[in-house]
Amino acid sequence: MRTLGIGVERNEVKVLILDTAEAAIDRSAGILLDAVRQKPTAVLGLATGATMLPLYDKLIARHLAEGISFAQVTTFNLDEYIGLAPDHVCAYHHYMRKALFDRIDIDMRCTHLPRGDAPDPVAEAEAYEQRIAAAGGIDLQLLGIGRNGHIGFNEPTSSLASRTRIKTLTDDTRRANAPYFDSLDDTPRFAITIGLGTILASKACLMVATGAAKAQAVAMMVEGSISSACPATALQMHPQVTVVLDRAAATDLTLVNYYEHVHPKGAGSEYG
Ligand code: F6R
């Protein structure tokens with residue numbers, strides 16, 4: 001059986017459906033660890049949000065249990081809120097240190113996030129895009145999905161060719177993220193995000209979605225028409241995307257039987 005790791009051309013969106021969120025998270029952690037096992041110097045694209053917290057916990061537990069080192073790994077996060085310094089408790093810099101970086105053997109000098117407090121956010125966004133290119137591009141991009149189909153902070157109407165830039169957040173996204181802040185008013189209105197074009201340039205993508213709230217966005221992403229109205233549909237143009245779902249997030253998919261036939265219980269198939 002071939003692995004699901006990086007460097008295996010597949011030319012399809014691979015949909016893996018697991019019975020529970022826990023199983024989906026474990027499967028996703030396994031794919032990430034396989035990528036590091038195959039290429040210890042991998043460049044990983046990382047995401048934040050509620051979905052990723054149990055995934056990072058699982059990754060840490062398995063990294064310790066299986067002895068897989070992150071010492072040579074480089075990371076680039078998808079996004080950061082504009083206006084927040086790295087040590088702000090709601091900054092994604094802070095999230096990443098707490099959720100992952102402080103708990104694995106990664107070299108902090110090899111971890112990257114855009115600076116939300118950069119004096120010139122436009123220049124910061126351009127420099128971030130160049131830093132990704134200088135690192136040789138992203139080997140495996142981890143993604144969550146917003147209820148409105150955003151990936152990173154590429155909100156609806158993002159150009160499918162977009163690169164790292166400043167994006168105005170939608171009301172829906174701000175409301176979804178407001179619980180982390182003191183109030184909706186305190187929730188940032190802008191973010192620096194890597195673009196859909198930047199994501200499409202990565203060698204492989206791993207999207208993880210759990211829970212019924214994501215079912216509609218997932219169905220659009222996998223089976224809908226490609227449109228900037230649902231930015232995640234851009235992934236249909238990527239040759240190597242794996243979507244890992246729990247059953248609740250798979251509810252609105254039309255072709256569930258097919259996905260489960262090809263990948264019973266989320267397993268790899270004979271041809272990847
Ligand atoms: C954040 C990011 C976002 C989230 C998405 C889902 O870095 O990339 O696209 O993945 O908003 O967030 P949760 O997991 O909180 O539902």
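Computed from a prediction, not measured in an experiment: that's the story for all the values here. Indexing begins at 1, ligand by ligand and atom by atom, following the structure's order.
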For [atom], the protein heavy atom that lies nearest, with its residue and separation:
{"atom": "atom 5 (C) of ligand 1", "answer": "His150 NE2, 3.4 Å"}
{"atom": "atom 16 (O) of ligand 1", "answer": "Lys214 NZ, 2.6 Å"}
{"atom": "atom 8 (O) of ligand 1", "answer": "Leu78 CD1, 3.2 Å"}
{"atom": "atom 10 (O) of ligand 1", "answer": "Gly144 CA, 3.3 Å"}
{"atom": "atom 1 (C) of ligand 1", "answer": "Thr48 OG1, 3.1 Å"}
{"atom": "atom 3 (C) of ligand 1", "answer": "Gly152 O, 3.5 Å"}
{"atom": "atom 15 (O) of ligand 1", "answer": "Ala50 N, 2.8 Å"}

_Nearest candidate to atom 6 (C) of ligand 1, where distance is taken over non-hydrogen atoms, out of Leu55, Ile145, Thr51, Leu53_ = Ile145
*Residue Gln216 excluded, over 12 heavy atoms near CD under 6.0 Å*: no
*Side chains of Thr198 and Arg165: is there a donor and an acceptor less than 3.5 Å apart?*
no
*Do Thr187 and Asn177 have a side chain donor and acceptor closer than 3.5 Å?*
no
_Pair Arg247 + Glu260: basic N to acidic O under 4.0 Å_ =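 Looking at Arg247 and Glu260, the cut-off is met.
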*For the residue pair Phe70 and His63, categorise the inter-ring angle as parallel (less than 30°), tilted (30 to 60°) or perpendicular (more than 60°).*
perpendicular
*Below 3.5 angstrom, do we get any N/O pair linking Ile151 and ligand 1?*
no
*asked:* Would Asp79 count as being in polar contact with ligand 1, using the rule that some N or O on each side must be under 3.5 angstrom apart?
replied: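 N/O-N/O distance below 3.5 Å exists for this pair.
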*Pick from Val256, Thr254, Leu255: which one makes a side chain to side chain contact (heavy atoms under 4.5 Å, CB included) with Tyr258?*
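Testing each of Val256, Thr254, Leu255 against Tyr258, the sole residue satisfying side chain to side chain contact (heavy atoms under 4.5 Å, CB included) is Leu255.
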*Hey, which of Val208, Val13, Leu206, Leu140 is the one that makes side chain to side chain contact (heavy atoms under 4.5 Å, CB included) with Thr242?*
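Considering Val208, Val13, Leu206, Leu140, a side chain to side chain contact (heavy atoms under 4.5 Å, CB included) with Thr242 is found only for Leu206.
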